[in-house]
Amino acid sequence: NAGVTQTPKFRILKIGQSMTLQCTQDMNHNYMYWYRQDPGMGLKLIYYSVGAGITDKGEVPNGYNVSRSTTEDFPLRLELAAPSQTSVYFCASSYSNVGQGYGYTFGSGTRLTVV
Amino acid sequence: GESVGLHLPTLSVQEGDNSIINCAYSNSASDYFIWYKQESGKGPQFIIDIRSNMDKRQGQRVTVLLNKTVKHLSLQIAATQPGDSAVYFCAVQNQAGTALIFGKGTTLSVSS
C-alpha cells in the first residue's frame with residue numbers, strides 16, 4: 001500500500017497564480033484533512049472531509065478550496081496565490097473520526113513558495 | 001479557543017539518557033491524545049496515543065502520561081538514540097471530535 005500520496009513535492013508560484021495540490025490515499029479511509037505547517041509552528045487545519053461529497057472548513061480556510069468527489073482523492077485548490085500561503089502542506093487521512101480514537105496517516109508534504 | 005501549548009521548544013540530551021517532552025492542552029473535554037514524530041523533510045509519524053480513560057500507556061521505549069487534572073500530557077523516551085532526533089508534536093482531539101489540534105512541537109537533539 002502506498003498510504004497517502006501528495007504531489008507535487010515542491011512548487012514555486014508567482015503571486016496571483018493558481019494551483020491544485022493533489023492528495024490520494026489507498027487505505028479506504030473516510031476522513032481526510034489538509035494542514036499547513038509554517039516554520040517553527042504546529043500544523044493548522046485548513047479543510048477536512050468526512051466522506052465523499054462532504055467537506056468542512058478548519059481553522060485557516062481563507063484562500064483555499066477543496067472538493068471530495070471520491071473516497072480516495074482530496075485536492076486542495078489555491079486560486080490567487082499570496083506570499084502568506086508560502087508553507088508546507090500536509091494531507092492526512094483516518095479511518096474514522098478522532099473522537100473514536102482514530103489517528104492520522106500523513107503524506108510526505110508539498111513545500112510551496114509564493115514569490 | 002482551543003489550544004495546545006508547549007513547555008520547551010528544544011531539548012538536547014545525550015545518547016542513552018531518558019527524554020521527557022511535555023505538552024499542555026486547554027479543552028478539559030478532550031478525549032484522545034496522540035504523539036507524532038516528524039523527521040526533517042517528512043510528514044509526521046504516529047508514535048503512541050492515549051484516551052482519557054487512561055493515565056499511562058507504554059509502547060516500545062516510549063511512554064505517554066496523561067494528567068487530566070492539570071491538562072498535561074508527556075512523552076517519555078527511554079534510552080534515547082541518535083535516530084530519535086526529530087520534532088515531536090502532541091495532538092489533541094478538538095471539541096467537535098472531528099480533527100486534531102497540534103502543538104508547536106519540541107525539537108529533540110540527541111548527541112552521541
Side-chain angles (χ1 to χ4, degrees), chain A residues 2-7 9-10 21 23 25 27 29-51 54-61 66 74 87-111, chain B residues 1-10 21 23-27 29-54 57 59 64 66 73 75 86-107:
Chain A
V4 178
T5 302
Q6 290 185 239
T7 56
K9 292 193 184 303
F10 304 94
L21 283 67
C23 176
Q25 52 92 8
M27 298 172 285
H29 283 175
N30 292 312
Y31 284 64
M32 295 187 76
Y33 312 83
W34 276 105
Y35 284 82
R36 60 177 286 172
Q37 184 178 31
D38 298 321
M41 304 293 287
L43 287 80
K44 300 286 188 185
L45 182 65
I46 305 172
Y47 271 95
Y48 67 98
S49 168
V50 303
I54 306 170
T55 62
D56 212 342
K57 295 178 180 179
E59 187 181 358
V60 290
V66 293
F74 190 41
S87 190
V88 181
Y89 291 84
F90 287 101
C91 179
S93 71
S94 64
Y95 176 72
S96 187
N97 69 47
V98 295
Q100 295 183 349
Y102 289 92
Y104 297 171
T105 299
F106 279 92
S108 57
T110 294
R111 184 175 296 274
Chain B
E2 300 175 79
S3 67
V4 178
L6 183 68
H7 289 245
L8 279 178
T10 60
I21 301 171
C23 184
Y25 61 95
S26 64
N27 183 7
S30 292
D31 184 48
Y32 184 53
F33 308 85
I34 308 178
W35 282 98
Y36 283 93
K37 173 185 180 182
Q38 186 179 29
E39 294 174 316
S40 181
K42 297 184 178 180
Q45 262 188 306
F46 173 92
I47 302 173
I48 192 167
D49 60 0
I50 189 168
R51 300 213 67 160
S52 61
N53 61 353
M54 302 174 70
R57 191 168 187 213
V64 55
L66 175 63
L73 187 69
L75 175 70
V87 180
Y88 290 81
F89 292 96
C90 65
V92 177
Q93 172 201 334
N94 67 1
Q95 192 158 7
T98 53
L100 293 172
I101 301 172
F102 286 79
K104 291 184 180 180
T106 293
T107 300

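In what follows, chains are A, B, ... by sequence order, proteins preceding strands, each numbered from 1. Computed from heavy atoms alone, side chains included, the values below leave out hydrogens, waters and symmetry copies.
When all heavy atoms are compared, the tightest approach of B:T98 to A:Y33 is O-CE2, 3.4 Å. Considering every non-hydrogen atom in both A:Y35 and B:A99, the closest pair reads OH-CB, 4.0 Å. Shortest non-hydrogen contact noted between A:Q37 and B:F89 is NE2-CZ, 3.1 Å. Closest heavy-atom contact between A:F90 and B:G43: CE2-CA, 3.3 Å.
Residue A:Y95 qualifies as open at atom OH: its count of foreign heavy atoms under 6.0 Å is 12 or below.
Residue with the most contacts toward chain A among B:V87, B:I50, B:L100, B:D49: B:L100 (heavy-atom pairs, distance under 4.5 Å).
Contact annotation: the side chain of A:Y104 never approaches that of B:I34 to less than 4.5 Å [non-hydrogen atoms, C-beta and beyond].
Only the side chain of B:Y32 comes within contact range of chain A, judged by heavy atoms closer than 4.5 Å. Heavy atoms closer than 4.5 Å to chain A are found in the side chain of B:Y36, but not in its backbone. Of the atoms belonging to A:L45, it is side-chain heavy atoms, and not backbone ones, that fall under 4.5 Å from chain B. Of the two parts of B:Q38, only the side chain, counted from C-beta on, holds a non-hydrogen atom closer than 4.5 Å to a non-hydrogen atom of chain A.
Separation of atoms OG1 (A:T105) and CD (B:Q45) is listed at 10.0 Å; rounding is to 0.5 Å.
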